[in-house]
Undergrad: 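I have a structure here, written as structure tokens, and I will follow up with some questions on it.
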Amino acid sequence: MLKATLRSFLAHKGRLVLSALAVVLSVAFVAGSLIFSDTLSRTFDRLFASTAPDVTVSPKENLDEAIPSGMTATVPAALAQRLDRIDGVAGARADVGVENITVVDKDNESVGPTTGAPTIGSDWNPTERTPLELTSGRAPRGPSEAMLDAETADGKDVKIGDTLTVIAAPGSFKVEIVGIATFTTTNPGAALVFLDPESAREKLLGDPTAATGISVDAAEGVSDTELKQRVATTLGADRYDYRTADEQAESSLDQLGGFLDVIKYVMLGFAGIAVLVGVFLIVNTFSMLIAQRTRELGLLRALGADRRQVRRSVLTEATLLGLVGSTVGLATGIGLAAALIALMNTLGMNIRASEMVIGWATPVAAYVVGVGVTFVAAYLPARRAAGVSPMAALADAEIAGIGRPLRTRAIVGGTVGALGAAALLGCVTASETGSAASLLALGIVLTLLATVIAGPLLVRPVIRVLGGAFPALFGSIGRMSQRNALRNPRRTGATAAALMVGLALVGGMSVASASMTDSFDQQIDQTLGADYVIQNTNFLPFPQEVTDAVRDTEGAGLVVRARFTPVAVRLPDGDRVETTAAGYDPRLDEVANITYAEGDTAAALAAGRMAMDRDFARDHGVRVGSAIPVEFQGGRTGELTVGALTDQDQAEGFGTQGGLYFGLGTLERFAPGGQDSALYVNAASGTSADDLRTSLEKTLDPYPQVQVRDLADYKELVHDQIAVLLYLVYALLGLAIVIAVLGVVNTLALSVVERTREIGLLRAIGLARRQLRRMIRLESVVIAVFGAVLGLALGLVWGVCTQQVLALQGMKALAIPWGTIVAVVVGSAVVGVVAALLPALRASRMNVLAAIAHE
């Protein structure tokens with residue numbers, strides 16, 4: 001049996017190639033994502049571990065800053081001198097490092113990275129652990145000199161002697177570049193500007209006595225843990241945050257972890273789609289191969305092979321296919337990881353491909369996925385093959401399922417579908433976002449399974465409709481193509497299912513994204529009443545001098561400032577909720593349209609008062625007049641009285657939890673030192689909006705990080721952000737379509753082999769080569785469109801249910817992108833034509849007599 005199995009595998013290896021490609025793609029994305037994320041983690045772990053001081057003293061962090069406030073937490077720089085006198089300390093130094101700066105050249109072009117990485121201003125106080133070394137020029141001396149990292153200097157064509165402008169929170173200042181420093185380890189992609197320590201404290205922090213942290217080096221024989229205890233005892237255990245080198249490295253890696261996880265999970269998402277779609281391809285391939293080997297299997301049974309041996313033979317072939325596909329996929333995954341590393345290097349992150357990490361878990365995962373998926377997918381065809389009696393097999397009875405009743409599928413598919421529909425109905429009627437999202441996920445999984453299981457039941461009624469015009473348009477050729485697609489509902493259903501999965505995902509996400517876009521458009525129209533909004537490109541805060549410049553702009557009338565700050569509120573029901581609150585100038589009503597359930601803007605922005613979203617207040621037992629303890633950044637606390645309840649679809653403050661906001665005076669009292677994040681500007685009397693925009697853009701030319709946006713610009717910004725998610729979905733669709741095309745090609749190719757004698761007879765009675773090719777193309781088109789119709793119908797249901805979940809968060813508009821749906825259906829027909837090209841060409845080239853004599 002083993003010899004027979006190996007010979008059978010080698011005899012059919014050409015037919016298994018396309019199935020192997022599905023395995024290769026699945027394994028490549030799994031292996032590539034693991035290698036890439038492991039390499040990044042190891043690289044940054046080594047960077048942080050080698051550069052962290054033995055002990056770091058930093059300001060106490062009491063709140064997570066989801067939306068930057070512009071505040072820079074500091075510690076007294078004099079702590080370094082105090083710690084230097086502790087027994088066991090080899091040295092202590094005050095550090096300065098801030099990320100809320102912008103650096104521009106003489107043409108007012110930003111010198112910072114365009115990849116989202118920060119521009120960091122720091123003091124140049126090198127030690128043996130500093131990850132950069134001075135490679136050109138000299139160290140900066142005085143407030144008018146600075147040093148730049150080599151990658152930024154090369155990328156932005158900055159040379160020694162050039163003058164740059166640093167836009168920092170305390171104010172802008174010009175510096176001459178006197179030195180270039182080169183990374184000795186990985187450059188994380190940021191732009192670094194160095195000043196001498198005294199100038200850094202004064203220019204970047206605005207306080208010559210402050211520092212952003214204290215680095216402490218241990219004397220010989222003193223462990224980091226012991227030194228940390230001594231430092232904490234000296235300064236007070238609860239006054240600052242204390243971290244050893246290992247803890248600091250872990251903390252830095254955790255901050256980077258979100259970025260690494262996004263890349264990892266996106267790639268694993270591609271792997272998941274490849275696995276899911278590949279399963280259908282492999283099931284179909286083995287079903288058809290077994291159907292074509294009916295007599296061969298019957299002979300094996302007649303010669304004494306039992307059912308278990310037949311099943312084992314088929315599963316052994318599947319395992320061999322999985323091993324080959326996994327090996328090639330692992331090698332492809334290594335290449336994919338290398339390509340991703342090269343891409344990151346072009347974006348300014350210096351990662352050496354020679355340091356690629358291939359841990360033991362990567363090949364294990366690769367072979368588990370590749371072999372496991374193939375084995376599981378081939379199990380049902382193998383079991384079906386083993387269940388055919390020797391006499392039936394020798395009589396050439398079809399074992400692929402033709403003519404067998406679909407009763408079991410109808411029962412199972414109907415049951416699973418009913419459960420999925422109930423979950424989706426529960427999602428639509430739920431009032432809590434968490435439970436609605438859980439029911440939505442369950443409903444999506446169950447309805448997808450139900451459609452896959454019951455898909456063959458839908459083949460005949462749907463394809464009769466989709467191919468109904470074929471006989472009229474293409475005559476007998478069209479009628480035969482339609483009947484070929486109807487001949488084996490299981491095969492047609494499995495082939496179409498691969499395409500259905502990808503298109504269902506696209507349909508659902510297209511409806512969700514279109515609904516989100518329309519909802520945001522409505523909210524912007526309803527709430528934004530200013531002529532223009534001044535914001536940073538990436539929503540980060542900007543210095544006070546930008547606000548002053550806007551106020552002094554000719555034609556600018558009312559200017560209302562907006563700031564954000566992290567807060568924690570202690571609510572009457574005992575919950576402690578961390579969120580982001582906003583602070584506004586008093587004349588907010590003139591630039592924003594806010595609907596209040598109780599109170600008004602004056603009451604919300606009064607000293608010691610705050611506004612809250614009505615639904616949030618109701619859920620936590622808050623009423624107008626309730627006194628709410630609020631914890632601010634830096635540990636300050638206060639008790640604010642609820643002065644107003646808003647009734648917005650999405651509360652002010654970018655829809656942050658609770659919709660909390662108050663006056664800027666209140667914010668300055670409890671969290672001073674923040675920066676403005678937005679300015680709402682109206683034109684002065686006698687100035688047109690267009691003239692004001694021209695003046696504002698001229699005023700803000702020295703500040704390239706700040707943009708002037710009107711209503712249309714604001715909408716476009718939101719659209720672009722939503723489009724990023726949609727592009728990811730389209731990429732997933734592209735992968736699903738590639739594998740689905742492989743499935744259609746494989747099915748048609750094996751079908752041509754299966755129908756060799758039939759094709760020979762048709763040619764013998766007068767069917768032309770061109771007519772034969774058309775027949776196969778039409779069969780492919782109707783299968784692809786069938787998959788598209790099922791996928792889009794399922795996706796529309798998912799999309800509508802997703803919109804109902806979003807409605808609980810205030811996004812109540814439902815939009816269906818009919819243009820996208822029509823384009824997808826047309827594209828599916830094109831996919832069908834492309835997939836049929838090779839099988840149709842092969843069929844048309846058959847020798848007629850040899851085909852008739854084929855067994």
Side-chain angles (χ1 to χ4, degrees), residues 43-44 46-53 56 91 93-106 109-168 173-205 211-215 217 245 248-249 252 256 344-352 355:
T43 299
F44 284 105
R46 187 180 302 144
L47 168 66
F48 297 141
S50 62
T51 58
T56 302
R93 59 196 173 278
D95 296 325
V96 175
V98 298
E99 297 184 8
N100 56 343
I101 68 167
T102 302
V103 181
V104 299
D105 59 20
K106 62 180 183 340
E109 296 290 334
S110 175
V111 174
T114 58
T115 57
T119 299
I120 301 174
S122 181
D123 60 334
W124 180 248
N125 193 8
T127 67
E128 60 182 14
R129 298 185 182 185
T130 301
L132 297 98
E133 62 180 7
L134 181 62
T135 54
S136 180
R138 59 175 176 81
R141 295 191 292 265
S144 60
E145 295 183 351
M147 190 166 63
L148 197 63
D149 70 280
E151 281 81 2
T152 300
D154 291 341
K156 301 296 182 176
D157 196 26
V158 177
K159 301 179 179 59
I160 292 178
D162 288 353
T163 298
L164 302 179
T165 301
V166 180
I167 306 169
F173 58 96
K174 294 185 180 297
V175 292
E176 179 187 350
I177 299 301
V178 296
I180 302 294
T182 303
F183 274 90
T184 57
T185 58
T186 297
N187 178 2
L192 287 92
V193 178
F194 296 96
L195 305 174
D196 72 80
E198 292 76 13
S199 300
R201 290 196 288 271
E202 182 177 350
K203 293 292 188 178
L204 300 179
L205 300 178
T212 55
I214 307 294
S215 296
D217 296 328
Q248 182 64 31
S252 300
L256 191 68
M344 298 302 290
N345 287 338
T346 63
L347 297 178
M349 189 176 289
N350 183 23
I351 303 172
R352 299 182 181 92
E355 297 181 357

Undergrad: Side chain to side chain donor-acceptor pair (under 3.5 Å) between Asp95 and Ser215: does it pass, once the steps are laid out?
TA: CA-CA 7 Å; Asp95 296 325; Ser215 296; 2.3 Å; yes

Undergrad: Applying side chain to side chain contact (heavy atoms under 4.5 Å, CB included), run through Arg93 and Asp217 and close with a yes or a no.
TA: CA-CA 9 Å; Arg93 59 196 173 278; Asp217 296 328; 3.0 Å; yes

Undergrad: Provide the closest heavy-atom pair for Asn125 versus Pro197 in the form atom of the first, atom of the second, distance.
TA: CB-CG, 4.4 Å

Undergrad: List the steps, then state whether salt bridge (charged side-chain N to carboxylate O under 4.0 Å, His left out) holds for Arg138 with Glu145.
TA: CA-CA 10 Å; Arg138 59 175 176 81; Glu145 295 183 351; 2.7 Å; yes

Undergrad: Mind listing the closest non-hydrogen atom pair of Ala168 and Lys203 along with its distance?
TA: CB-O, 3.8 Å

Undergrad: Where is the tightest heavy-atom contact between Leu195 and Val175, given as atom of each residue plus distance?
TA: CD2-CG1, 4.1 Å

Undergrad: Going from CD on Glu133 to OG1 on Thr135, what distance comes out if it is rounded to the nearest 0.5 angstrom?
TA: 7.0 Å

Undergrad: Does the side chain of Thr165 come under 3.5 Å of the side chain of Lys174 through a donor N or O and an acceptor N or O?
TA: yes

Undergrad: Look up atom OG1 in Thr163 and atom CD in Glu176, then write down how far apart they are to the nearest 0.5 Å.
TA: 6.0 Å

Undergrad: Taking it one step at a time, do Thr130 and Trp124 satisfy side chain to side chain contact (heavy atoms under 4.5 Å, CB included)?
TA: CA-CA 9 Å; Thr130 301; Trp124 180 248; 4.2 Å; yes

Undergrad: What closest approach, in Å, do Pro143 and Phe173 show between heavy atoms, and which atom pair accounts for it?
TA: O-CD1, 4.1 Å

Undergrad: Flag the pair Ser122 / Val96 as yes when at least one side-chain heavy-atom distance between them is below 4.5 Å, and no otherwise.
TA: no

Undergrad: Side chain of Asp123, backbone of Ala200: donor and acceptor closer than 3.5 Å?
TA: no

Undergrad: Spell out, as yes or no, whether a donor-acceptor pair under 3.5 Å connects the side chain of Arg141 to the backbone of Asp196.
TA: no

Undergrad: Look at the side chain of Asp162 and the backbone N and O of Lys159, then say whether any donor-acceptor pair between them is shorter than 3.5 Å.
TA: yes

Undergrad: Does any part of the side chain of Leu192, heavy atoms only, come nearer than 4.5 Å to the side chain of Phe183, both counted from C-beta?
TA: yes

Undergrad: Enter the distance from Asp154:CG to Thr152:OG1 here, rounded to the nearest 0.5 Å.
TA: 9.0 Å

Undergrad: If you take all heavy atoms of Ala190 and Ile120, which pair is closest and at what distance?
TA: CB-CD1, 4.0 Å

Undergrad: Just verifying a value: how many Å separate Leu164 CG and Glu109 CD, rounded to the nearest 0.5 Å?
TA: 12.5 Å

Undergrad: Can you tell me how far apart CG (Asp149) and OG1 (Thr182) are? Round to the nearest 0.5 Å.
TA: 8.5 Å

Undergrad: Using modelled atom types and a 3.5 Å cut-off, is there a donor and acceptor pairing between side-chain atoms of Ser110 and backbone atoms of Gly112?
TA: yes

Undergrad: How far apart are the closest heavy atoms of Ile180 and Leu134, and which atoms are they?
TA: O-CD1, 3.6 Å

Undergrad: Would you say the side chain of Thr212 lies within less than 4.5 Å of the side chain of Val98, judging by non-hydrogen atoms?
TA: yes

Undergrad: Against Val111, only a single residue in Val103, Thr102, Ile177 fulfils side-chain contact (heavy atoms from CB on, under 4.5 Å); can you say which?
TA: Val103

